[in-house]
Amino acid sequence: MLLLHGPNLNLLGAREPEVYGTETLADHIATASAAAGECGLTVEARQSNHEGELLEAIHGARGRCAAIVVNPGAFTHYAWSLHDALAAFDGPVVEVHLSNPNAREPWRHTSVVAPVATGTIAGFGGLGYRLAIEAVATCLGADRAENETVARPDR
Ligand code: CA2
């Protein structure tokens, strides 16, 4: 699965710890990778400050990655190109935010990613990544069970 981070999240741990915590991006990737390992999944982590690079990463995940966990940073609130790219991805998409954008400035209350995400986890800090991986694993497990039922309808 693809774990994607947007702009400025490479600076985590360096500033605004009261909002985003003291953990670094590497810490969150380690949390997600450990949780994924427990579920038999592997994590491919990418971060970019450039919208086009995030789009390329999403396109590159098509047909190759089972799911996407994405914290789009401030692109969450206006990058419709991310919305369109994620809409073209065939698999669970979990939107993660360290803070709770709905409890912050009004401009953070809109997510253009949320309408194309399977679900959103926000406000739980680094725990959100573990919760996101558990959600992905559950979604993928449910898909697998459904396919088995279709493939073997007599069982
Ligand atoms: O809460 C989140 O995870 C956000 O996606 C973080 C974004 C923010 O624009 C979203 O509204 C919510 C910003 C990340 C910026 O991170 C920094 C970390 C350290 C220093 C400066 C910025």
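Start at 1 and go down the list; that is how both ligands and their atoms are numbered. Along the sequence shown, the residues carry numbers beginning at 1.
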**Q** Quick one: look up the protein heavy atom nearest atom 20 (C) of ligand 1 and list residue, atom name and how far away it is.
**A** Arg15 CB, 3.5 Å
**Q** Establish, from distance only, whether the side-chain atoms of Gln47 and Asn49 form a donor-acceptor pair under 3.5 Å.
**A**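 Yes, side-chain donor-acceptor contact under 3.5 Å.
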**Q** Tell me if the centroids of the rings in Tyr129 and His5 come within less than 6.0 Å of each other.
**A** yes
**Q** Can you spot which of Glu95, His97, His77 makes a side chain to side chain donor-acceptor pair (under 3.5 Å) with Ser111?
**A** Glu95
**Q** Checking side-chain polar atoms at under 3.5 Å, does Asp84 have a donor or acceptor matched by the opposite partner on Ser81?
**A** no
**Q** I need the nearest protein heavy-atom contact for atom 21 (C) of ligand 1: residue, atom name and distance, please.
**A**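 Ranked first by proximity to atom 21 (C) of ligand 1 is Glu16 OE2, 4.0 Å.
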**Q** Using a plain distance cutoff, I'd like to know if Leu12 has any nitrogen or oxygen under 3.5 Å from a nitrogen or oxygen of ligand 1.
**A** no
**Q** What residue and atom, counting heavy atoms only, is the protein's closest point to atom 13 (C) of ligand 1, and at what distance?
**A**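 Ranked first by proximity to atom 13 (C) of ligand 1 is Tyr20 OH, 3.4 Å.
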**Q** Number the atoms of ligand 1 from 1 as they appear, then name those within less than 4.0 Å of a heavy atom of His77, with their elements.
**A** 10 (C), 11 (O)
**Q** Surrounding CZ of Arg62 (heavy atoms of other residues, nucleotides or ligands, distance under 6.0 Å), is the total greater than 12?
**A**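 For Arg62, atom CZ is not crowded (no more than 12 foreign heavy atoms under 6.0 Å).
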**Q** Is there at least one pair of N or O atoms, one from Asn71 and one from ligand 1, spaced under 3.5 Å apart?
**A**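 So ligand 1 has an N or O lying under 3.5 Å from an N or O of Asn71.
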**Q** Provide, to 0.1 Å, the distance between atom 15 (C) of ligand 1 and the closest protein heavy atom, together with that atom's residue and name.
**A** Asn8 CB, 3.7 Å
**Q** Could you check atom 4 (C) of ligand 1 against the protein and tell me its nearest heavy-atom contact, residue, atom and distance included?
**A**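 It is His97 ND1, 3.6 Å.
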**Q** For atom 14 (C) of ligand 1, what's the nearest protein heavy atom and its distance?
**A**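 I find the closest protein heavy atom is Leu9 CD2, 3.7 Å.
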**Q** To check you understand the geometry: which heavy-atom pair defines the closest contact between Leu54 and Phe75, and what is its length?
**A** CD1-CD1, 3.5 Å
**Q** Heavy atom of Ala14 under 4.0 Å from ligand 1?
**A** no
**Q** Please assess Arg46 against Glu56 for the test salt bridge (charged side-chain N to carboxylate O under 4.0 Å, His left out), listing each intermediate value before the final yes or no.
**A** CA-CA 11 Å; Arg46 299 274 305 273; Glu56 302 287 5; over 6 Å; no
**Q** To the nearest 0.5 Å, how far apart are CE in Met1 and CZ in Arg64?
**A** 12.0 Å
**Q** What residue and atom, counting heavy atoms only, is the protein's closest point to atom 1 (O) of ligand 1, and at what distance?
**A**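 It is Ser99 OG, 2.5 Å.
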**Q** Which protein non-hydrogen atom lies closest to atom 9 (O) of ligand 1, naming both residue and atom, and how far is it?
**A** Arg108 NH1, 2.9 Å
